[in-house]
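Some notes on the structure that comes next.
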2 protein chains.
Amino acid sequence: MPKPDVDPTVTLDLRVDRSSPVPLYFQLAQQLEAAIEHGSLTPGSLLGNEIELAARLGLSRPTVRQAIQSLVDKGLLVRRRGVGTQVVHSQVKRPLELSSLYDDLESAGQRPATNVLVNTVVPASAEVAAALGVAEETEVHRIERLRLAHGEPMAYLTNHLPSGLLDLDTAQLEATGLYRLMRTAGITLHSARQSIGARGATAAEAERLDEPEGAPLLTMQRTTYDDTGRAVEFGDHIYRPTRYSFEFQLLVRP
Amino acid sequence: MPKPDVDPTVTLDLRVDRSSPVPLYFQLAQQLEAAIEHGSLTPGSLLGNEIELAARLGLSRPTVRQAIQSLVDKGLLVRRRGVGTQVVHSQVKRPLELSSLYDDLESAGQRPATNVLVNTVVPASAEVAAALGVAEETEVHRIERLRLAHGEPMAYLTNHLPSGLLDLDTAQLEATGLYRLMRTAGITLHSARQSIGARGATAAEAERLDEPEGAPLLTMQRTTYDDTGRAVEFGDHIYRPTRYSFEFQLLVRP
DNA sequence: TCAATCCGTATGTCCGGACAATCGAACTAC
DNA sequence: GTAGTTCGATTGTCCGGACATACGGATTGA
């Protein structure tokens with residue numbers, strides 16, 4: 001009795017366009033990712049060896065390897081020496097990104113709304129100054145926003161930004177998210193340090209979020225840096241835990 | 001008046017050992033990382049161009065690029081075409097890892113202690129079965145642990161594992177963390193899906209954690225997968241938010 | 001029957017070179 | 001003086017090849 005092919009090697013219809021300005025390895029990576037997403041490449045299936053794949057596409061092996069490596073870094077593929085490259089079994093959708101609440105809600109199909117309650121310039125407190133890396137009492141922007149989904153308050157967002165970085169228009173802040181505004185202004189976000197905790201609501205917080213005093217709240221503090229290392233934003237957010245939780249996927253770095 | 005050198009190009013004493021089994025690019029990456037950590041490479045300083053660096057080390061450019069790229073992926077370096085590679089200004093320590101509470105506490109200098117309260121085999125509930133990808137009522141391991149730091153309860157950890165994966169010895173569970181046990185058993189952790197939220201403590205939870213009933217708790221649910229895509233662990237944890245919060249650093253993937 | 005060994009296969013590492021794209025500064029023209 | 005242009009420097013992409021290393025199955029031996 002022949003052994004069943006549990007992990008068949010899949011042959012795909014792959015093509016690259018050499019006249020395109022898009023790098024070849026990137027074109028290949030996109031097609032492979034699409035094939036995985038689409039289901040043409042099923043979990044566990046082998047990808048065929050790199051040499052033959054390169055020959056079939058008319059590419060060199062380093063180029064093919066670069067494409068595969070980018071998907072390995074994303075957690076979609078697993079390489080095994082002497083075995084081959086196969087699609088990861090688990091349902092890895094997307095690794096953790098530096099996400100904004102606005103984008104999260106929008107992609108979840110909720111229509112987020114924002115009320116800008118404060119949009120002003122204040123002298124930096126000690127905590128804000130330390131987070132942003134400026135001197136105490138330096139003037140910084142302060143915005144406070146109430147984020148709603150389906151008309152219900154979901155989070156209260158307090159943010160501080162160095163002045164001069166961005167002109168914060170209240171109308172724009174109500175129409176989109178802060179991160180999107182920063183990116184539009186040409187700021188390249190690079191990394192962020194964040195802390196997630198919980199505590200009971202103060203009277204003022206309870207009022208704003210329509211919760212009883214002392215109700216459990218989910219809290220998040222985040223300092224975001226651009227690629228030059230400047231702190232570009234310090235946020236202090238509180239969330240209603242019945243309406244929101246942090247969900248994300250992690251990859252293990254070997 | 002001459003313009004001050006704000007971003008000097010640094011020349012380091014780098015060497016590679018070709019007789020070592022450690023890959024050359026990895027040796028170089030380690031030395032560069034050590035130089036950054038140690039302060040020899042200060043934030044903002046340029047790394048010198050790749051060609052010349054390769055020549056100085058007697059390596060090829062692809063090898064040097066591979067070393068640099070690994071540090072770029074870690075968020076320690078930034079490359080700019082036409083400019084060079086420079087050390088990131090901000091204090092990027094380490095990106096987010098799939099960390100275990102035990103390791104976190106240990107590296108923070110706290111001496112964690114664990115009381116194993118339950119270590120048994122039970123039929124899987126609907127929730128556990130869905131998370132682990134097994135049929136309902138399948139036998140699974142269930143462990144409940146109270147984690148203490150400095151003698152104070154810090155978290156209550158409930159975990160379920162597929163049976164047959166690991167023999168869970170209570171003594172070992174009290175001496176080290178679950179992830180370390182799994183790694184020792186040859187399981188390669190690959191990814192995890194987790195959800196962080198908050199809620200009030202039930203009477204039983206409050207008792208276990210020495211908190212008043214209804215006190216805010218930080219909650220985390222996590223399903224961990226190995227590199228074959230199997231779910232290897234499902235955890236449901238509650239933390240005392242006055243004692244613990246999740247702190248981590250994110251990188252933006254462009 | 002079972003264990004140790006061999007071997008094919010696939011990825012891992014490394015080389016040296018070539019050209020393209022982009023950034024920043026120096027230079028030129030108005 | 002200012003704006004546009006040129007040009008050097010540096011990384012980005014891609015090639016073709018070579019050898020090392022590890023995994024898994026087949027073969028061989030006890």
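Throughout, a chain's letter reflects where its sequence line sits, starting with A, and its residues are numbered from 1.
- Which of dC15(D), dT11(C), dC14(C) sits closest to the side chain of Thr63(A) comes down to dC15(D).
- Between Leu53(A) atom CG and dT9(C) atom C1' there is a gap of 16 Å when expressed in whole angstrom units.
- Between dT10(D) and Arg65(B), no contact under 4.0 Å exists linking OP1 or OP2 to a side-chain N or O.
- We find that CZ of Arg18(A) is positioned 15 Å from P of dT13(D), with the value rounded to whole Å.
- For Tyr25(B) and dT13(C), the shortest distance from a side-chain N or O to OP1 or OP2 is below 4.0 Å.
- Between Arg81(A) and dT9(C) there is no side-chain polar atom (N or O) within less than 4.0 angstrom of OP1 or OP2.
- Residue contacts shown for Pro23(A) are limited to sugar-phosphate atoms, with no base heavy atom under 4.0 Å away.
- When all heavy atoms of Leu46(B) and Gln86(B) are compared, the closest pair comes out as CD2-CB, 3.9 Å.
- In the set dC15(C), dT13(D), dG16(D), dG16(D) carries the atom at the smallest distance from any side-chain atom of Pro62(A).
- Contact check on Lys74(A) versus Glu33(A) returns a salt bridge, with a Lys/Arg side-chain nitrogen under 4.0 Å from an Asp/Glu carboxylate oxygen.
- For Arg61(B) and Glu52(B), the salt-bridge test fails: no basic side-chain N is under 4.0 Å from an acidic carboxylate O.
- Taking only distance into account, the side chain of Arg61(B) meets the base of dG12(D) through a donor-acceptor pair shorter than 3.5 Å.
- Look at CG on Asn49(B): it is 17 Å from P on dG24(C), rounded to the nearest Å.
- Between dG12(D), dG24(D), dC14(D), one nucleotide has an atom nearer to the side chain of Val83(A) than all others, and that is dG24(D).
- In this structure, Gln221(B) and Phe234(B) have side chains that are in contact, with non-hydrogen atoms separated by less than 4.5 Å.
- The separation between Glu50(B) atom CD and dG16(C) atom C1' is 15 Å, rounded to whole Å.
- In this structure, Leu57(A) atom CG and dC14(D) atom C1' are separated by 14 Å, rounded to whole Å.
- The nearest pair of heavy atoms linking Arg222(A) to Leu250(B) is NH1-CD1, 4.4 Å.
- DNA chain D is contacted by both Pro21(B) and Gly58(A); Gly58(A) maps to the nucleotide lying nearer its 5′ end (nearest heavy atom per residue).
- Contact between the side-chain N/O atoms of Thr85(B) and the OP1/OP2 oxygens of dT11(D) is found at a separation under 4.0 Å.
- The shortest distance between the side-chain N/O atoms of Arg79(B) and the OP1/OP2 oxygens of dG12(D) is below 4.0 Å.
- Each of dG12(D), dC14(C), dC14(D) was ranked by its minimum atom distance to the side chain of Ser60(A); first place goes to dC14(D).
- Atom pair Leu24(A):CG and dA18(C):P shows a separation of 20 Å (rounding to whole Å applied).
- Across Ala231(B) and Ala131(B), no two heavy atoms sit closer than the pair CB-O, 3.6 Å.
- Nearest to the side-chain atoms of Ile51(B) among the listed nucleotides dT11(D), dT11(C), dC15(D) stands dT11(D).
- One atom, CG of Leu47(A), and another, P of dT11(C), lie 8 Å apart when rounded to the nearest Å.
- Separating the CD atom of Gln69(B) from the P atom of dC14(C) is a distance of 16 Å, rounded to the nearest angstrom.
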